[in-house]
Amino acid sequence: MSNLFNTDILQGKVAFVTGGGTGITGGVARAFAEHGAKLAITSRKEENLAAMKAAVEGFGGECFTVAADVRDYEAVENAIAKTVEHYGKIDIVVNGAAGNFLCAADQLSSNGFGTVVDIDTKGTFNVCRASFEELKKSKGQILNISATLHYLATPMQIHVSAAKAGVDAITRNLSVEWGRHGIRVNGIAPGPIEDTEGMKRLLMPELKDKMTKKIPLGRFGRIADIENSALFLASDGASYINGVTLVVDGGQWLLGTSLM
Ligand code: HXC
């Protein structure tokens, strides 16, 4: 557990987290529960949800699970409705569900490109849209997890770069449109974070040293680094922060994410 924040900073809040069973967003979900939030997590895979539920309940937290594919608007609406039925409200929405694989643009099929855009970008819109009325009632907030891949250009990642650029655009647009309803919309752009599914899929082990040398802080990020940023943005300490995507990458993107 992070000791940087009081354990009760999210007391009384209900957090709905997509992709909240595993990886970076799983860490964020668990950290929110450790800091007092009642958790609702959704993922395509029921088994990913069961493990997180057991972990959260293991330390006395509350975790409601509902399987849904964020590409399916009706399934998202159902997950939101079930969460409201269970807890009575939603205060925080975290969009972390994402798809990724390495593929050169000249090898990528239209459906491969569209699949990642559908999961990351359309999925983020779907969840924001379906939770709007609840967030309006609670004067809640949204946290969108994107990436830094599109700040410059990242070979083999055209689909994810386009998808995450779209997520950042959603963050900015909604912060402007929904700020008037008291809803804050922010994002986090993680850099290379060790012990994640993304890094396992995207980085060959022999390239880890080369990448580490290109990170100004000289190390990979940890899931706890993203958890702490998310806790801050979700807390009342960030109550005037809206429309920001916080880059948490040790300064990596400024030197370029490409190893070519
Ligand atoms: C080329 C591929 C491919 C690959 C799938 N496709 N994998 N193309 N190389 N390795 C193509 C398929 O051929 C198909 O197109 C289309 O994509 C859909 O594939 P499906 O397998 O039918 O899709 P689905 O079952 O919906 O799975 C979606 C998925 C999934 C994205 C492929 O496997 C997935 O979500 N995996 C990653 C989960 C993950 O790692 N999440 C963490 C993300 S990390 P055709 O044309 O054949 O029909 C992250 C961080 C980014 O986002 C930043 C890092 C620094």
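Below, each value reflects all heavy atoms present in this structure, side chains not excepted, and no hydrogens, waters or symmetry copies. As the structure is a prediction and not an experimental result, all values here were calculated from the model. First listed ligand is number 1; within each ligand, the first listed atom is number 1.
Distance from atom 55 (C) of ligand 1 to its nearest protein heavy atom, with residue and atom name: Met199 CE, 3.9 Å. Ranking the protein heavy atoms by distance from atom 14 (C) of ligand 1 puts Asn111 ND2, 3.8 Å first. Nearest to atom 36 (N) of ligand 1 among the protein's heavy atoms is Arg201 NH1, 3.4 Å. For atom 49 (C) of ligand 1, the closest heavy atom belonging to the protein is Asn100 ND2, 3.7 Å. Considering only non-hydrogen protein atoms, atom 7 (N) of ligand 1 sits nearest to Phe101 CD2, 3.5 Å.
The main-chain N or O of Ala234 is found under 3.5 Å from a side-chain atom of Gln141 such that the two form a donor-acceptor pair. Judged by distance alone, with hydrogens and angles left aside, the side-chain atoms of Asn242 form a donor-acceptor pair with the main-chain N or O of Ser175 at under 3.5 Å. In terms of modelled atom types and a separation under 3.5 Å, the side chain of Arg222 and the main chain of Glu194 share no donor-acceptor contact.
Shown in contact with Arg71 at under 4.0 Å from a heavy atom are these atoms of ligand 1, numbered in order with element: 26 (O). Here is the list of ligand 1 atoms found below 4.0 Å of a heavy atom in Gly198: 44 (S). Heavy-atom contacts of Arg44 reach the following atoms of ligand 1: 26 (O), 27 (O), 34 (C), 35 (O) (cutoff under 4.0 Å). Listed by number with element, the atoms of ligand 1 under 4.0 Å from a non-hydrogen atom of Gly112 are 11 (C), 15 (O), 16 (C), 17 (O). Those atoms of ligand 1 with a heavy atom of Gly99 less than 4.0 angstrom away are 31 (C), 35 (O). The contact set between ligand 1 and Ser109, taken as ligand atoms under 4.0 Å from a residue heavy atom, comprises 15 (O), 45 (P), 46 (O). Close contacts between ligand 1 and Leu202 involve ligand atoms 54 (C) [criterion: under 4.0 Å to a heavy atom].
Shown here, atom 21 (O) of ligand 1 is out of close reach of the protein: none of its heavy atoms lies under 4.0 Å off. Counting only heavy atoms, the protein never gets under 4.0 Å from atom 12 (C) of ligand 1. At least one protein heavy atom sits closer than 4.0 Å to atom 17 (O) of ligand 1.
Rounding to the nearest 0.5 Å gives a distance of 4.0 Å between CG of Asp120 and NZ of Lys164.
A donor-acceptor contact closer than 3.5 angstrom is absent between the side chains of Asp249 and Thr148. For the residue pair Thr124 and Asn144, no side-chain donor N or O sits within less than 3.5 Å of a side-chain acceptor on the partner. Gln157 and Asn100 share a donor-acceptor pair across their side chains, judged by distance under 3.5 Å alone.
Taking the six-membered ring where tryptophan is involved, the planes of His35 and Phe5 are perpendicular, since the angle between them exceeds 60° and thus also 30°.
In terms of N/O distances under 3.5 Å, ligand 1 is approached by Ala98.
Of the heavy atoms in Cys103, only side-chain atoms (C-beta onward) come closer than 4.0 Å to ligand 1. Counting heavy atoms closer than 4.0 Å to ligand 1, residue Gln157 contributes nothing at all.
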Under 3.5 Å, side-chain donor or acceptor atoms of residues 74-83 against the rest of the protein: list the pairs with distances, not counting sequence neighbours.
from: Asn78; atom 1: OD1; to: Lys82; atom 2: NZ; distance (Å): 3.2
from: Thr83; atom 1: OG1; to: Ala79; atom 2: O; distance (Å): 2.8

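Heavy-atom contacts from other residues, nucleotides or ligands closer than 6.0 Å to CZ of Arg129 number 12 or fewer.
Atom 23 (O) of ligand 1 has its nearest heavy-atom neighbour, among Asp118, Leu102, Thr115, in Thr115.
The minimum heavy-atom distance linking Ile241 with Leu233 is given by the pair CG2-CD2, 4.0 Å.
Here the two rings, on Phe64 and His86, have centers that are under 6.0 Å apart.
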